[in-house]
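Note that the structure is predicted; figures quoted are calculated from it, not measured. Only this structure's heavy atoms are used, side chains among them; waters, hydrogens and symmetry mates stay out.
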Amino acid sequence: MKRILATAAVLLIGLGARPALATEWIVCSSADGEASIALLVGHLSFLAINRANFQVGDESWSTNPELEPGTPILVAQAYESETTLDVDLADVGFEAVLASLQVVMTIEGDDYISGGVLRVSGKGAWVVTCEGP
């Protein structure tokens, strides 16, 4: 009986062991510093955006204004493949896409490069370089 209980305990502990869910920031900025976007992402079997914020000039938008001040926004949709990242951020009523980020990522040898375009509705579009996972 003790052996069965010990085996059951080991199995339950093993079932509870899961890999840590790491989150990391992806930050994309224009060369002139006029526009930037930051995404706190978790990588599971899908892309999970935990927080997002972007700025143009002195204006800011944020999915979590309590931590990162700005006009409230929501993640409308996000897609990631081995070579691309596409994210749309919307107003809180999901009536309009306020910002779109389209990134291309490539690896060649030890070189990793990512960059793309950040478009902010009514404000403009910028070529951005990105750092992060």
Side-chain angles (χ1 to χ4, degrees):
M1 182 66 159
K2 287 183 181 180
R3 181 178 237 186
I4 292 172
L5 289 175
T7 302
V10 168
L11 286 173
L12 288 174
I13 290 170
L15 290 173
R18 295 188 177 116
L21 302 177
T23 56
E24 297 181 73
W25 284 98
I26 297 172
V27 179
C28 302
S29 303
S30 64
D32 62 4
E34 180 66 16
S36 67
I37 185 168
L39 308 168
L40 181 61
V41 299
H43 292 277
L44 306 164
S45 57
F46 56 90
L47 174 68
I49 297 179
N50 298 317
R51 293 194 333 234
N53 62 72
F54 67 95
Q55 66 86 26
V56 174
D58 294 335
E59 295 182 76
S60 297
W61 295 259
S62 175
T63 57
N64 196 336
E66 297 80 27
L67 294 176
E68 297 140 0
T71 302
I73 56 171
L74 298 170
V75 176
Q77 60 183 346
Y79 170 78
E80 182 182 45
S81 71
E82 290 182 15
T83 59
T84 62
L85 170 67
D86 295 316
V87 178
D88 287 339
L89 302 172
D91 65 341
V92 293
F94 285 113
E95 295 174 4
V97 172
L98 301 179
S100 292
L101 176 66
Q102 299 165 330
V103 176
V104 174
M105 303 168 283
T106 190
I107 297 174
E108 182 62 41
D110 292 336
D111 296 325
Y112 171 79
I113 298 183
S114 64
V117 175
L118 171 62
R119 182 192 59 78
V120 178
S121 182
K123 305 293 180 187
W126 295 264
V127 171
V128 294
T129 55
C130 304
E131 295 181 20

Kindly list each side-chain donor-acceptor pair under 3.5 angstrom involving residues 61-72, sequence neighbours excluded, with atom names and distances?
{"unit_1": "Ser62", "atom_1": "OG", "unit_2": "Asn64", "atom_2": "N", "d": "3.0"}
{"unit_1": "Ser62", "atom_1": "OG", "unit_2": "Asn64", "atom_2": "O", "d": "3.3"}
{"unit_1": "Ser62", "atom_1": "OG", "unit_2": "Glu68", "atom_2": "O", "d": "2.8"}
{"unit_1": "Thr63", "atom_1": "OG1", "unit_2": "Ala52", "atom_2": "N", "d": "2.8"}
{"unit_1": "Thr63", "atom_1": "OG1", "unit_2": "Ala52", "atom_2": "O", "d": "3.2"}
{"unit_1": "Glu68", "atom_1": "OE1", "unit_2": "Asn53", "atom_2": "ND2", "d": "3.2"}
{"unit_1": "Glu68", "atom_1": "OE2", "unit_2": "Arg51", "atom_2": "NE", "d": "3.1"}
{"unit_1": "Glu68", "atom_1": "OE2", "unit_2": "Arg51", "atom_2": "NH2", "d": "2.7"}

Please tabulate, for the side chains in residues 117-127, all donor-acceptor contacts under 3.5 angstrom to protein atoms that are two or more places apart in sequence or on a different chain.
{"unit_1": "Arg119", "atom_1": "NH2", "unit_2": "Ser100", "atom_2": "OG", "d": "3.2"}
{"unit_1": "Lys123", "atom_1": "NZ", "unit_2": "Glu59", "atom_2": "OE1", "d": "3.4"}
{"unit_1": "Lys123", "atom_1": "NZ", "unit_2": "Glu59", "atom_2": "OE2", "d": "2.8"}

Mind listing the side-chain donor-acceptor pairs of residues 24-33 below 3.5 Å, one per line with the distance, residues two or more places apart or on another chain?
{"unit_1": "Ser30", "atom_1": "OG", "unit_2": "Asp32", "atom_2": "OD1", "d": "2.6"}
{"unit_1": "Ser30", "atom_1": "OG", "unit_2": "Gly33", "atom_2": "N", "d": "3.4"}
{"unit_1": "Ser30", "atom_1": "OG", "unit_2": "Glu34", "atom_2": "N", "d": "3.2"}
{"unit_1": "Ser30", "atom_1": "OG", "unit_2": "Ala35", "atom_2": "N", "d": "3.1"}
{"unit_1": "Ser30", "atom_1": "OG", "unit_2": "Ala35", "atom_2": "O", "d": "3.3"}
{"unit_1": "Asp32", "atom_1": "OD1", "unit_2": "Glu34", "atom_2": "N", "d": "2.9"}

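Counting only residues at least two apart or in different chains, disulfide bond (SG atoms under 2.5 Å apart) contacts with residues 77-112 are absent. Pairs engaging residues 34-96 under the disulfide bond (SG atoms under 2.5 Å apart) rule: none recorded [sequence neighbours left out]. Sorted pairs that involve residues 35-47 and meet salt bridge (Lys or Arg N to Asp or Glu O under 4.0 Å), not counting sequence neighbours, are lacking altogether. Residue pairs meeting the disulfide bond (SG atoms under 2.5 Å apart) criterion with at least one member in residues 90-124, sequence neighbours excluded, do not occur. Annotation: salt bridge (Lys or Arg N to Asp or Glu O under 4.0 Å) contacts involving residues 79-102, sequence neighbours excluded, are absent. Contacts classified as disulfide bond (SG atoms under 2.5 Å apart) and involving residues 29-121 (residues at least two apart or in different chains) are not found.
If you chain together ILVMFWY residues whose side-chain heavy atoms come under 4.5 Å of each other, Tyr79 ends up in a group of its own. Under the 4.5 angstrom side-chain criterion for Ile, Leu, Val, Met, Phe, Trp and Tyr, the cluster partners of Val92 are Leu74, Phe94.
Looking only at side-chain heavy atoms (C-beta outward), Leu89 and Val75 come within less than 4.5 Å of each other. Taking the side chain as every heavy atom from C-beta outward, Leu101 and Phe54 never approach each other to under 4.5 Å.
Val97 and Ile37 fall into different hydrophobic clusters, where Ile, Leu, Val, Met, Phe, Trp and Tyr residues are linked whenever their side-chain heavy atoms come under 4.5 Å apart, directly or through other members. Placement of Ile73 and Leu85 within a single hydrophobic cluster is found when ILVMFWY residues are connected by side-chain heavy-atom separations under 4.5 Å, directly or transitively.
In this structure, OG1 on Thr23 lies 6.0 Å from CG on Asn50, to the nearest 0.5 angstrom.
With sequence neighbours excluded, the residues forming a side chain to side chain contact (heavy atoms under 4.5 Å, CB included) with Ser114 are Val103, Met105, Tyr112, Cys130, listed by chain and number.
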